[in-house]
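Position 1 is the first residue of the sequence, and the numbers go up from there.
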Amino acid sequence: MSVSIGQPVPDFTALATGEGEITLSALQGRQVVVYFYPKASTPGCTTEGGDFRDRKADFDAANTVILGVSRDGIRAQENFKAKQGFNFDLISDKEEAVCRLFDVIKLKKLYGKEHLGIERSTFLIDAEGRLSREWRGVKVKGHAQEVLEAAQALHEGRLSAD
């Protein structure tokens with residue numbers, strides 16, 4: 001089962017940096033950005049996380065929580081967050097439960113070999129818990145700004161999930 005625009009996102013609880021666990025339903029009343037990245041501490045993922053970090057005050061003003069997700073273990077996520085000064089939590093999804101909920105595990109090629117990995121993707125969930133927007137096959141440059149603008153529009157009532 002995968003999430004669909006305009007539909008409620010099924011509740012999930014996941015191991016995360018900072019507070020230890022994050023449950024989606026506990027964030028009800030706030031918008032949530034869930035962005036998936038392939039691997040902690042790699043160049044593209046570091047740039048993407050930094051772009052979200054640098055816009056966090058603007059996301060906060062739009063009543064929006066940022067969550068980064070990868071299959072890395074919690075220690076790797078904690079180190080990545082600390083080293084890059086990320087001011088939002090990262091989810092460790094080693095069991096791929098959250099990845100599969102959002103259908104971001106895809107067949108990829110690296111050095112001519114095929115493997116299953118995370119397709120860089122981002123999802124914007126409205127304050128009532130419905131999926132409002134999705135971006136799949138994301139290119140890092142300019143992406144966090146585009147997501148911020150969508151979050152601001154949703155917060156201001158200029159973007160609906162319907």
List the steps and the verdict of side-chain hydrogen bond (donor to acceptor under 3.5 Å, both in side chains) for Arg53 and Asn87. CA-CA 6 Å; Arg53 175 198 61 217; Asn87 44 13; over 6 Å; no
Test side-chain hydrogen bond (donor to acceptor under 3.5 Å, both in side chains) on Asp126 and Ser132 and set out the steps. CA-CA 6 Å; Asp126 72 15; Ser132 177; 5.9 Å; no
Any donor and acceptor pair, going by atom type alone, linking the side chain of [X] with main-chain N or O of [Y] inside 3.5 Å?
X      : Y      : value
Ser121 : Glu119 : yes
Gln84  : Gly50  : no
Glu21  : Thr13  : no

Those residues that, when tested against Glu134, pass salt bridge (charged side-chain N to carboxylate O under 4.0 Å, His left out) (two or more places apart):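 Once residues adjacent in sequence are excluded, the partners of Glu134 under the salt bridge (charged side-chain N to carboxylate O under 4.0 Å, His left out) criterion are Arg136.
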For Asp60, check salt bridge (charged side-chain N to carboxylate O under 4.0 Å, His left out) against everything at least two apart and list the hits.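 For Asp60 the salt bridge (charged side-chain N to carboxylate O under 4.0 Å, His left out) partners, ignoring immediate neighbours, are Lys56.
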Dump the intermediate steps for side-chain contact (heavy atoms from CB on, under 4.5 Å) on Arg120 and Phe36, then the final yes or no. CA-CA 5 Å; Arg120 194 180 304 275; Phe36 292 84; over 6 Å; no
Distance from [X] atom [atom1] to [Y] atom [atom2], nearest 0.5 Å?
X      : Y      : atom1 : atom2 : answer
Cys99  : Leu116 : SG    : CG    : 11.0 Å
Leu154 : Arg130 : CG    : CZ    : 9.0 Å
Phe88  : Arg55  : CZ    : CZ    : 11.5 Å
Leu90  : Phe80  : CG    : CZ    : 7.0 Å
Gln77  : Lys94  : CD    : NZ    : 10.0 Å

Common cluster, [X]/[Y], ILVMFWY with side-chain heavy-atom separation under 4.5 Å:
X      : Y      : value
Leu148 : Val140 : no
Leu15  : Ile118 : no
Leu27  : Val9   : yes
Ile91  : Val3   : yes
Val98  : Ile74  : no

Using 4.0 Å as the upper bound for N to carboxylate O, is an ion pair formed by Arg100 and Asp93?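 A salt bridge is absent here (no side-chain N lies under 4.0 Å from a carboxylate O).
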Salt bridge or not for Asp72 and Arg75, using N-O below 4.0 Å?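 The answer is no: the pair does not qualify as a salt bridge.
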In this structure, are over 12 heavy atoms from other groups packed under 6.0 Å from Gln145 atom CD?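 Yes.
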Report the C-alpha separation of His155 and Thr64 in whole Å, then their side-chain angles, then the decisive distance to 0.1 Å, and conclude whether the side-chain hydrogen bond (donor to acceptor under 3.5 Å, both in side chains) test is met. CA-CA 8 Å; His155 180 64; Thr64 305; over 6 Å; no
Working note: Gln7 + Leu131, criterion side-chain contact (heavy atoms from CB on, under 4.5 Å); need CA distance, chi angles, decisive distance, verdict. CA-CA 6 Å; Gln7 296 301 308; Leu131 183 61; 6.0 Å; no
Kindly give the heavy-atom pair with the smallest separation between [X] and [Y], and that separation in Å.
X      : Y     : value
Ile125 : Val34 : CD1-CG2, 4.0 Å
Lys81  : Thr17 : CD-OG1, 3.5 Å
Ala151 : Gln31 : O-NE2, 3.1 Å
Ala40  : Ser70 : N-OG, 4.4 Å

Close side-chain approach of Leu67 to Val32, heavy-atom, < 4.5 Å: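 Side chain of Leu67 against side chain of Val32, heavy atoms only: contact under 4.5 Å found.
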Side-chain heavy-atom pair Val33, Phe123 within 4.5 angstrom cut-off: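 Side-chain contact under 4.5 Å: no.
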Stepwise, does the side-chain contact (heavy atoms from CB on, under 4.5 Å) test hold for Val147 with Phe52? CA-CA 9 Å; Val147 174; Phe52 279 108; 4.1 Å; yes
Determine whether Lys141 and Asp51 satisfy the following criterion, salt bridge (charged side-chain N to carboxylate O under 4.0 Å, His left out), listing intermediate values before the conclusion. CA-CA 9 Å; Lys141 187 174 172 64; Asp51 289 347; over 6 Å; no
Are Trp135 and Arg133 close enough, and set up right, to give a side-chain contact (heavy atoms from CB on, under 4.5 Å), and what steps lead you there? CA-CA 7 Å; Trp135 295 263; Arg133 291 277 311 269; 3.3 Å; yes
Between Tyr35 and Tyr37, how do the two ring planes meet: parallel, tilted or perpendicular, split at 30° and 60°?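 Answer is tilted, since the angle falls between 30° and 60°.
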